[in-house]
Amino acid sequence: MGDYTKLSTAEAQNIIDLYDLGAITSLNSLSLGISNSNYKVEIGNSTYLLKVSNDKGFDHLKEEQEILTRLSESGFRFSLRPFTTKAGENVYTYNDFFGVIFPFIEGIAPGPCDQTCYEIGKGLASLHSLDCDAENIRPHNSVGFGAIEIIDYTENEKCPTDFKEMVEYFFPDKLASFIELPLEKGVIHGDLYYDNTLFDENHLAVVLDFEQAGIGEYLFDLGISLSGTCLEKGRINSSLIKSYLNGYEEIRPLSIFERENLDKAIVIGFLSIALWRIKRFKEGTLNPLMANSYQELLSKAKIFWDDRENNE
């Protein structure tokens, strides 16, 4: 994580000039973001977040901003809306760079605890309950990896042996029973870990990083969020799951199918983000030091699955 672009103040000013926001008084790189370089930009009494994409294609980034704009118009209060350039674009281009500018929101990145899980649960349920025009919103599987994509990847010659073995360990039926479920779909976040949020006085203020957002199954989205939020000392904590679901079901009660398949969804969540890491870091070159970071998620998934089996 960090500043991949090494943007100079002069380069940042040229980007800011595309928005006619004024002269930069302060520019600081932020040590956050796996696939972006992020900068805190101060202009007079206003503060902005300048993002440079280092991984996503231009079209995917533009689609993400269109989703954020649609969410804002639908009244979703936990997402940011991008500024538009003087030309009316929500993604800027400058030389070889392209990216987005958002308002800079002050907040605290939370740690895993009951209050964090409860608040994020309510926030995700608010997204899943949103009355949003989904026409022309991209499908999640165009940017992320659901159950079908996970199974398909195990047949790919590039698939690491340990990833394939773990998928077969969890799902000897190749997820056929899960894929056939009549699950409700809509706009999902696709990567809602607790470190993709900011809190203000113990309450959820902002949900960040919608780069894997799109139309998908709510249960799948819930599984991803539980797998990355309800953790204590590297393993899923059942008490944190309970707190998360207490918050979620205040807004959107789970269906029978969703409740019965929640554990599967959590494991699929681990596998989905593990595959994302394989694609970015093992097959790709975004950060070679993280090439085997997917194995951490496989280990957490196995611990959760085995604990579940042993407690039945």
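Worth saying up front: this structure is predicted, and the values here are computed from it rather than measured.
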Q: Go through it in stages, so that I can follow the logic: the residues are Leu61 and Phe98, the test is side-chain contact (heavy atoms from CB on, under 4.5 Å), and I'd like the CA-CA distance, side-chain angles, deciding distance and then a yes or no.
A: CA-CA 9 Å; Leu61 184 62; Phe98 59 89; 3.7 Å; yes
Q: Taking the side chain as everything from C-beta on, heavy atoms only, tell me whether Phe171 gets closer than 4.5 Å to Ile268.
A: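 The answer is yes; the side chains approach within 4.5 Å.
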Q: Assigning hydrophobic clusters by single linkage (Ile, Leu, Val, Met, Phe, Trp, Tyr; side-chain heavy-atom cutoff under 4.5 Å), is Ile241 placed with Trp305?
A: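 Per the 4.5 Å side-chain linkage, Ile241 and Trp305 are co-clustered.
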Q: Return the CG to OG distance between Asp307 and Ser238, rounded to the nearest 0.5 Å.
A: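 Going from the CG atom of Asp307 to the OG atom of Ser238 covers 9.0 Å.
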Q: Side chains of Asp152 and Thr154: closer than 4.5 Å at any heavy-atom pair?
A: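 The answer is no, as the side chains (C-beta and beyond) never meet within the 4.5 Å cut-off.
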Q: Heavy atoms only: give me the nearest His128-Asp221 pair and the separation to one decimal.
A: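 Smallest interatomic distance, heavy atoms only, reads NE2-OD2, 2.8 Å.
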Q: Are the side chains of Val52 and Asn38 in touch, meaning some heavy atoms are under 4.5 Å apart?
A: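 They are not in side-chain contact.
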Q: Taking the six-membered ring of Phe102 as reference, does the cationic atom of Lys51 (NZ for Lys, CZ for Arg) lie under 6.0 Å from its centre and within 45° of its axis?
A: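 No - Lys51 does not lie over the ring of Phe102 by the 6.0 Å and 45° rule.
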Q: To the nearest 0.5 Å, what is the distance between OG1 on Thr84 and CG on Leu18?
A: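 Spacing of OG1 (Thr84) from CG (Leu18) equals 12.0 Å.
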Q: If you measure from NZ on Lys185 to CD1 on Ile215, what distance do you get to the nearest 0.5 Å?
A: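 These two atoms lie 9.5 Å from each other.
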Q: Output yes when a side-chain donor or acceptor of Asn287 lies under 3.5 Å from a complementary backbone atom of Leu289, and no otherwise.
A: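 Side chain of Asn287 to backbone of Leu289, a donor-acceptor pair under 3.5 Å: yes, one is there.
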Q: Any salt bridge between Glu184 and Arg252, counting N to O under 4.0 Å?
A: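 Between Arg252 and Glu184 there is a salt bridge, with a charged N closer than 4.0 Å to a carboxylate O.
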Q: Does either side chain, that of Gln295 or that of Asp162, offer a donor lying less than 3.5 Å from an acceptor on the other one?
A: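 Checked: Gln295/Asp162 side chains pair up, N/O donor to acceptor below 3.5 Å.
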Q: Answer yes if the side chains of Tyr244 and Thr116 hold a donor-acceptor pair under 3.5 Å, and no otherwise.
A: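 Per modelled atom types, Tyr244 and Thr116 side chains form no pair under 3.5 Å.
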Q: Assess whether salt bridge (Lys or Arg N to Asp or Glu O under 4.0 Å) is satisfied between Lys302 and Glu165, documenting all intermediate values.
A: CA-CA 11 Å; Lys302 187 175 186 302; Glu165 289 177 345; over 6 Å; no
Q: How long is the span from the CG atom in Asp133 to the CD atom in Glu73, to the nearest 0.5 Å?
A: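 Rounded to the nearest 0.5 Å, the CG-CD separation comes to 9.5 Å.
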Q: Go through the steps to decide whether Leu192 and Thr229 satisfy the test side-chain contact (heavy atoms from CB on, under 4.5 Å), and finish with yes or no.
A: CA-CA 8 Å; Leu192 187 50; Thr229 301; 5.6 Å; no
Q: Give a yes or no on whether the backbone of Leu68 and the side-chain of Ser72 come within a donor-acceptor separation of less than 3.5 Å.
A: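 Checking the backbone N and O of Leu68 against the side chain of Ser72, no donor-acceptor pair under 3.5 Å is found.
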Q: Do Phe76 and Phe78 have their ring centres less than 6.0 Å from each other?
A: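 Yes: the rings meet the under 6.0 Å criterion.
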Q: Which pair of heavy atoms, one from Tyr218 and one from Glu258, lies closest together, and at what distance?
A: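 Tyr218 and Glu258 have their closest heavy atoms at CB-OE2, 4.2 Å.
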Q: If hydrophobic clusters are built by linking Ile, Leu, Val, Met, Phe, Trp and Tyr wherever their side-chain heavy atoms come under 4.5 Å apart, do Tyr294 and Phe281 end up in the same one?
A: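 Same cluster.
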Q: Would you say the side-chain atoms of Glu250 and Asn246 include a donor-acceptor pair closer than 3.5 Å?
A: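 Distance-only check fails for Glu250 and Asn246.
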Q: Could you check if a side-chain atom of Ile236 sits within less than 4.5 angstrom of a side-chain atom of Leu226, using non-hydrogen atoms only?
A: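 No, too far: nothing below the 4.5 Å cut-off.
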Q: Of the options Gln212, Glu217, His140, which is the one that meets Ile188 in a side chain to side chain contact (heavy atoms under 4.5 Å, CB included)?
A: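 Going through the options one by one, the only one that passes is His140.
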Q: Between Phe304 and Phe270, what is the ring plane arrangement, given parallel below 30°, perpendicular above 60°, and tilted in between?
A: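 It falls in the tilted class, 30° to 60°.
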Q: With the 4.5 Å side-chain cut-off for hydrophobic clustering, are Ile150 and Tyr169 part of the same group?
A: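 Same hydrophobic cluster.
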Q: Counting only heavy atoms not in Asn28, do more than 12 fall under 6.0 Å of its CG?
A: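 Enclosed.
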Q: Does the plane of the ring in Phe97 sit parallel, tilted or perpendicular to the ring in Tyr94? Use 30° and 60° as the thresholds.
A: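 Judged by the thresholds at 30° and 60°, the geometry between Phe97 and Tyr94 is tilted.
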Q: So for atom CD1, which belongs to Ile179, do other residues, nucleotides or ligands contribute more than 12 heavy atoms lying within a distance under 6.0 Å?
A: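 Yes - once you tally the heavy atoms of other residues, nucleotides and ligands closer than 6.0 Å, there are more than 12.
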Q: Give me the atom names and distance for the closest heavy-atom approach of Ser243 to Asp114.
A: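 Scanning both residues completely, I find the closest heavy atoms to be OG-OD1, 2.7 Å.
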Q: Ignoring hydrogens and angles, state whether a donor on the side chain of Glu232 or Asn237 is under 3.5 Å from an acceptor on the partner side chain.
A: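 A donor-acceptor contact under 3.5 Å links the two side chains.
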Q: Counting heavy atoms not belonging to Lys174, are there more than 12 under 6.0 Å from its NZ?
A: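 No, not enclosed.
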Q: If we only count heavy atoms from C-beta on, is the Lys158 to Ile278 side-chain gap below 4.5 Å?
A: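 Sidechains of Ile278 and Lys158: no contact.
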Q: Do Leu271 and Phe145 pass the side-chain contact (heavy atoms from CB on, under 4.5 Å) test, and can you show the C-alpha distance, the side-chain angles, and the key distance before you say yes or no?
A: CA-CA 9 Å; Leu271 294 174; Phe145 307 100; over 6 Å; no
Q: Between the main-chain N or O of Met290 and the side-chain N or O of Ser293, is there a donor-acceptor pair closer than 3.5 Å?
A: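 Yes, Ser293 side chain to Met290 backbone: donor-acceptor pair under 3.5 Å.
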Q: Do any N or O atoms from the side chain of Asn196 and from the backbone of Asp191 form a donor-acceptor pair under 3.5 angstrom?
A: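 Indeed, once roles are kept as given, a pair shorter than 3.5 Å links the two residues.
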Q: Please say whether more than 12 non-hydrogen atoms of neighbouring residues, nucleotides or ligands are located less than 6.0 Å from NZ in Lys86.
A: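 More than 12 heavy atoms, drawn from other residues, nucleotides or ligands, come within 6.0 Å of this atom.
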Q: Determine whether a donor-acceptor pair (N or O, by modelled atom type, separation under 3.5 Å) exists between the side chain of Ser225 and the backbone of Leu222.
A: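 Judged by distance alone, no pair lies under 3.5 Å.
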Q: Could you check whether any side-chain N or O of Gln13 sits under 3.5 Å from a backbone N or O of Gly22, counting only pairs where one atom can act as donor and the other as acceptor?
A: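 Judged by distance alone, yes, a pair lies under 3.5 Å.
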Q: Tell me the closest heavy-atom pair linking Cys117 and Leu240, and the distance in Å.
A: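 Looking at all heavy atoms of both residues, the closest pair is CB-O, 3.6 Å.
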Q: Using the ring-ring contact (aromatic ring centres under 6.0 Å, His included) definition, which of the options Tyr19, Tyr48, Tyr92 pairs with Phe83?
A: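 Exactly one candidate clears the test, Tyr48.
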Q: Less than 4.5 Å apart, any side-chain heavy atom of Thr47 and any of Val41?
A: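 Heavy-atom side-chain distance check fails, nothing below 4.5 Å.
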Q: Output, in order, the C-alpha distance, side-chain angles, deciding distance and verdict of side-chain contact (heavy atoms from CB on, under 4.5 Å) for Tyr39 and Thr9.
A: CA-CA 10 Å; Tyr39 302 89; Thr9 300; over 6 Å; no
Q: Locate the shortest heavy-atom distance separating Leu27 from Ala12; write the atom from each residue and the value.
A: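 That closest heavy-atom pairing would be CD2-CB, 3.8 Å.
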Q: Mind checking whether Tyr118 and Leu245 sit in one hydrophobic cluster, side chains of I, L, V, M, F, W, Y counted as touching below 4.5 Å?
A: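 No: no chain of side-chain contacts under 4.5 Å links Tyr118 to Leu245.
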Q: I'd like to check Leu183 versus Phe178 (side-chain heavy atoms, cut-off strictly below 4.5 Å). Are they in contact?
A: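 A side-chain contact exists here, since the closest heavy-atom pair is under 4.5 Å.
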Q: Using 0.5 Å steps for rounding, measure from the SG atom of Cys132 to the CD1 atom of Ile67.
A: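 Nearest 0.5 Å value for the SG-CD1 distance: 9.0 Å.
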Q: Looking only at side chains, do Glu66 and Thr69 share a donor and an acceptor under 3.5 Å apart?
A: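 Their side chains do not contain a donor-acceptor pair, so the 3.5 Å distance test is not met.
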Q: Nearest 0.5 Å, please: how far is CD1 in Ile256 from CZ in Arg259?
A: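 Interatomic distance, Arg259 CZ to Ile256 CD1, rounded to 0.5 Å: 9.5 Å.
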Q: Between Arg138 and Glu64, what is the shortest heavy-atom contact and its length?
A: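 The pair with the smallest heavy-atom distance is NH1-N, 3.7 Å.
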Q: When hydrophobic residues are tied together by side-chain contacts of less than 4.5 Å, even through go-betweens, does Ile266 share a cluster with Ile303?
A: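 Shared cluster, no.
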Q: Does a side-chain heavy-atom distance below 4.5 Å link Ser129 with Ile251?
A: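 Heavy-atom side-chain distance check passes, below 4.5 Å.
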Q: Is the CG atom of Asp173 crowded by more than 12 outside heavy atoms at less than 6.0 Å?
A: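 Count over threshold, so yes.
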